[in-house]
Amino acid sequence: MGAHKVLVVGGGGREHSLCLALTNSVMVAELYCAPGNAGTASIANNVDISPTDVEAVVEFCIDSNIDMVVVGPEAPLCKSLADRLIQANIACFGPVAELAELEGSKLHAKQVMSEVGVPTAGFKILNNADQIDIALDDFSENPWVVKRDVLAGGKGVLVTKDRSEAKDFITDAINSDGKVLLEEFLPGQEASMLVVMDGSGFVCLPPSQDHKRAFDGDLGPNTGGMGAYCPAPIVTKSVHEKVISRIVRPMFEHLSKMTIPYRGVLYVGLMITESGDPNVVEFNVRFGDPECQITLPLIKTDLFTILHSASMDKLSSLDVEFHNAHALTIVLASEGYPYQPIKGRIVRGISNELANIGLECSWVNHAGTKLVENKIIANGGRVLSCSAMSKSLSGAATLAYELIETITLEGGHYRSDIGGQILSVNR
Ligand code: AMP
Ligand code: GLY
């Protein structure tokens, strides 16, 4: 017990929540986070290494005898961090680069979905300016959905009814990437399903719902996510069964056959039609942010054991249990987010950084924060999120909103309607 030295790679809210859960594990003796943030600084040893400096991460792990790495963001996975750690005999939670292409390339993800028969939107590849007008005509019944085929840090997708905006985005993408995807618009409600997977099996975590637009009422620009709640009632028992039989199981069968099977979390971004049929909007090869912050607290089973088992293809021998509770998180963003967030301002009022894991509690998940002379400074677009857990979704919303009201950041903004679609309340 308690013998493991674990490194969490990344420095956002997702990584703070991973550290909070891992620090509660009796299996973890020493916890490191690279580069971490002001929140991880108080529960782990922050290491000043960039997540995408793969060789530096591997060297640190070898020098410090790290025996398990949990990779938060996708970029290091696409740059072969898992491959390099496996070569160095270090357990890694996160897939090898070949499989991380499910997120790294939208076209690759579409090809895999077509091969294994997973439902998703139809699409067309454009690689020449002459094709644009005809393609826009072909897809003109609904808003146009345009997707770049590169990792674009959440800025690679445009959904618009404005033809000239679509045309400009397509032209720029063809010029910079050589090609772009024009995708059929899928109407419906979105949900996120995080599936822990290895060569032996998979475990679906409770589904959640993110709020991607910056402002109340789903207005404003797309962001990385302004808040989320879990579980999401849109994923009924019948929808859940369809997600498993039509999407998760075929993907597992495909990914477990690989030379090195998928070992990590497969984020299935879903669009659920009015008739309850799920379609895949996107795959990510990591925990969602902020979905992670409200999904992990609902897991009763020790998180280290789950992640370590998955890195060893031993997931199928585990019985993963969940709390019968609800969690909700509200993101506090810097002024100017998502376009040009103003950094460097002091965040005041954070009092309960440590999650009191148990029902009816609230806590702060740090994201873009850093400690400067004992002050917490906003160091990113999404600065922190206030999270809560309760027996009911409305209880979690009340606790999380009570907490965020105690925190001040000049110009900071947050949505007042997280979970509102379900709760029918607008604060
Ligand atoms: P993605 O990065 O592929 O998840 O796309 C970002 C957001 O764009 C999604 O969360 C959806 O809100 C929206 N979106 C993406 N693809 C579609 C689609 N085919 N139909 C409708 N909305 C979409
Ligand atoms: N919250 C959306 C994502 O992590 O991609």
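Ligands are counted one by one from 1 in listed order, and the atoms in each one are counted from 1 as well. These values consider heavy atoms only, across backbone and side chains, with no hydrogens, waters or symmetry-generated copies.
- Checked by distance only, ligand 1 and Val157 stay at 3.5 Å or farther apart across all their nitrogen or oxygen atoms.
- Scanning all protein heavy atoms for the shortest distance to atom 12 (O) of ligand 1 gives Glu190 OE2, 2.5 Å.
- Atoms of ligand 1 lying under 4.0 Å from at least one heavy atom of Phe185, given by number and element, are 20 (N), 21 (C).
- A heavy-atom distance below 4.5 Å is found between the side chains of Leu20 and Asn365.
- When side chains are defined from C-beta on, Pro143 does not count as touching Thr160, because their heavy atoms never get closer than 4.5 Å.
- Scanning all protein heavy atoms for the shortest distance to atom 22 (N) of ligand 1 gives Met271 CE, 3.7 Å.
- Atom 16 (N) of ligand 1 has its nearest heavy-atom neighbour, among Arg148, Lys147, Glu103, in Lys147.
- Ring pair Phe60/Tyr32 is perpendicular by interplanar angle, where above 60° counts as perpendicular and below 30° as parallel.
- Nearest non-hydrogen protein atom to atom 21 (C) of ligand 1 is Leu186 O, 3.3 Å.
- In Val159, the part holding a heavy atom less than 4.0 Å from any atom of ligand 1 is the side chain.
- The distance criterion of under 3.5 Å between nitrogen or oxygen atoms is met by Lys106 with respect to ligand 1.
- Residues Tyr401 and Tyr414 meet the side-chain proximity criterion, which asks for heavy atoms closer than 4.5 Å.
- A tilted orientation is assigned to the rings of His308 and His4, their planes being inclined by 30° to 60°.
- Checked against Thr329 for a side chain to side chain donor-acceptor pair (under 3.5 Å), the options Ser385, Ser208, Ser17 give a single hit: Ser385.
- Only one option out of Pro76, Pro95, Pro51 pairs with Val71 in a side chain to side chain contact (heavy atoms under 4.5 Å, CB included); it is Pro76.
- Val320 is listed as a side-chain neighbour of Ile299, based on a closest heavy-atom distance under 4.5 Å.
- With ligand atoms numbered from 1 in the order given, ligand 1 contributes 1 (P), 2 (O), 3 (O), 4 (O) to contacts under 4.0 Å with heavy atoms of Glu282.
- Side-chain contact between Val69 and Ile66: present, with at least one pair of heavy atoms (C-beta onward) separated by less than 4.5 Å.
- Annotation: atom 19 (N) of ligand 1 to nearest protein heavy atom, Glu183 OE2, 2.8 Å.
- Of all atoms in ligand 1, numbered sequentially from 1 with element shown, those under 4.0 Å from a heavy atom of Lys212 are 10 (O).
- Scanning both residues, Val347 and Ala378, for their nearest heavy atoms gives CG2-N, 3.9 Å.
- The protein atom (non-hydrogen) at minimum distance from atom 17 (C) of ligand 1 is Val145 CG1, 3.7 Å.
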Check: Could you walk me through whether Lys212 and Asp218 pass the salt bridge (Lys or Arg N to Asp or Glu O under 4.0 Å) check?
Finding: CA-CA 7 Å; Lys212 291 215 166 116; Asp218 287 334; over 6 Å; no

Can you produce the list of protein nitrogen or oxygen atoms under 3.5 Å from a nitrogen or oxygen of ligand 2, alongside each distance?
unit_1   : atom_1 : unit_2 : atom_2 : d
ligand 2 : 1 (N)  : Asp210 : OD2    : 2.8
ligand 2 : 1 (N)  : Gly224 : O      : 3.0
ligand 2 : 1 (N)  : Asp289 : O      : 2.9
ligand 2 : 1 (N)  : Glu291 : OE1    : 2.8
ligand 2 : 1 (N)  : Glu291 : OE2    : 3.4
ligand 2 : 4 (O)  : Arg286 : NH1    : 3.0
ligand 2 : 4 (O)  : Asp289 : N      : 3.0
ligand 2 : 5 (O)  : Asn284 : ND2    : 3.3
ligand 2 : 5 (O)  : Arg286 : NH2    : 2.9

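- Within the 4.5 Å cutoff, the side chain of Ile260 has no heavy atoms near those of the Glu98 side chain.
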